Amino acid sequence: LLPTRPAPALTGTAVDGAPFAFASLAGKWVLAVAGPSACDAGCAQALYATRQARTIQGREMDRVVRVWFVTDDGPVDNAVLAQHPGLLVVRAGPAGWAAWNVGADRIVLLDPLQNLVLAFPREPDIKALAKDVTRVLKASRIG
C-alpha cells in the first residue's frame with residue numbers, strides 16, 4: 001500500500017505515434033508497468049500478471065486499463081504486443097517513471113483520480129494481485 005498521493009504528470013508518445021498524456025486515463029483504474037522495449041522475462045511476467053488480473057475482474061474489467069511505459073527508444077516486439085491485446089504502450093522515458101518514485105521493478109495501481117494506490121513486485125502472485133484489484137473496484141464507486 002502506497003501513501004496515497006497524485007501521480008506526477010507523465011507525457012509521452014503512444015506506439016502508434018500519437019501524443020499521450022497520462023491525464024487522458026482519468027476515470028479509469030490503471031495497472032502500470034515500466035521497462036525497456038526489449039521486454040525481458042521479468043517484464044513479460046509483469047505484463048502477463050496485469051493481463052490476468054484484469055481478465056479475472058470479469059464484467060468489471062472495463063474499469064481497468066493496462067499501460068506499459070517503455071523507457072527507451074528501441075523497437076517494441078510485435079510478438080509481445082500480439083500477446084497483450086488492449087495493452088496501451090507509451091514511450092515515456094525513464095525520467096517520467098522515476099518521478100513516480102515507486103521503484104523500477106514494480107507494477108503500480110492508480111485510482112481513477114490518478115493517485116498512486118498500490119505497488120506490487122514485478123513477479124507478483126497473480127491471484128493476490130487480482131484479489132486486491134477486485135477489492136478496490138468493489139469499494140470504489142468511481143472509475
Side-chain angles (χ1 to χ4, degrees), residues 1-58 60-137 139-140 142-143:
L1 184 61
L2 296 171
T4 303
R5 61 183 169 87
L10 189 78
T11 59
T13 306
V15 150
D16 63 5
F20 171 83
F22 188 68
S24 67
L25 299 177
K28 296 280 189 181
W29 288 89
V30 177
L31 278 170
V33 175
S37 57
C39 191
D40 62 9
C43 169
Q45 178 61 30
L47 293 176
Y48 175 76
T50 63
R51 184 182 74 204
Q52 293 304 103
R54 180 178 180 269
T55 302
I56 289 170
Q57 303 313 310
E60 298 292 324
M61 74 184 215
D62 291 337
R63 295 174 64 190
V64 180
V65 175
R66 297 181 314 124
V67 181
W68 175 23
F69 291 111
V70 178
T71 57
D72 64 17
D73 292 328
V76 176
D77 186 1
N78 286 330
V80 173
L81 298 178
Q83 293 173 2
H84 298 281
L87 176 67
L88 181 58
V89 181
V90 176
R91 290 187 190 282
W97 180 262
W100 286 16
N101 198 30
V102 293
D105 292 334
R106 307 288 260 167
I107 298 171
V108 180
L109 179 69
L110 295 100
D111 70 14
L113 301 175
Q114 298 187 329
N115 293 309
L116 297 165
V117 178
L118 295 170
F120 303 92
R122 187 74 150 189
E123 296 182 15
D125 174 343
I126 294 171
K127 289 182 182 179
L129 170 61
K131 189 173 183 179
D132 285 345
V133 173
T134 299
R135 286 180 181 149
V136 297
L137 290 177
S140 173
I142 57 175

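Given the structure is predicted, the values throughout are model-derived calculations rather than measurements.
- Rounding to the nearest 0.5 Å places CH2 of W29 at 6.5 Å from CD1 of I142.
- Using a distance-only test at 3.5 Å, with no hydrogens or angles considered, no donor-acceptor pair links the side chain of R91 to the main chain of S37.
- No side-chain heavy atom of F20 sits under 4.5 Å from any side-chain heavy atom of V15.
- Distance check, rounded to the nearest 0.5 Å: SG of C39 to CD of Q45 gives 10.5 Å.
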> When you look at R5 and V117, which way does the side-chain contact (heavy atoms from CB on, under 4.5 Å) test go after all the steps?
Replying inline: CA-CA 8 Å; R5 61 183 169 87; V117 178; over 6 Å; no
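- With contacts defined as side-chain heavy-atom distances shorter than 4.5 Å, the pair V80/V89 does not qualify.
- The shortest distance between side-chain heavy atoms of V136 and D111 does not fall below 4.5 Å.
- Ring geometry, F22 versus W100: the interplanar angle exceeds 60°, so the pair is classed perpendicular (tilted spans 30 to 60°).
- Under the 3.5 Å distance criterion, the side-chain polar atoms of R51 are left unmatched by any main-chain donor or acceptor of H84.
- Residues K28 and V67 fail the side-chain proximity criterion, which asks for heavy atoms closer than 4.5 Å.
- Between T50 atom OG1 and L129 atom CG the span is 8.0 Å, to the nearest 0.5 Å.
- One distance of note links CZ of R122 with CG of D40; it measures 6.5 Å at 0.5 Å rounding.
- In this structure, CG in L31 is found 12.5 Å from CG in L88, a value given to the nearest 0.5 Å.
- To the nearest 0.5 Å, atoms CG (L110) and CG (L116) are separated by 5.0 Å.
- Taking both residues in full, the closest heavy atoms of P36 and W68 are given as O-CZ2, 3.3 Å, listed atom of the first, atom of the second, then distance.
- Between W97 and V102 the shortest side-chain heavy-atom distance falls below 4.5 Å.
- Using a 4.5 Å heavy-atom threshold, the side chains of Y48 and I126 count as touching.
- A46 approaches V33 most closely through the heavy-atom pair CB-CG1, 4.0 Å.
- Here the side chains of V64 and L137 are in contact, with some heavy-atom distance below 4.5 Å.
- Residues K127 and D132 are not paired through a salt bridge, judged by the lack of any N-O separation under 4.0 Å between the basic side chain and the carboxylate.
- Between R66 and L47, the shortest heavy-atom distance links the atoms NH1-O, 3.2 Å.
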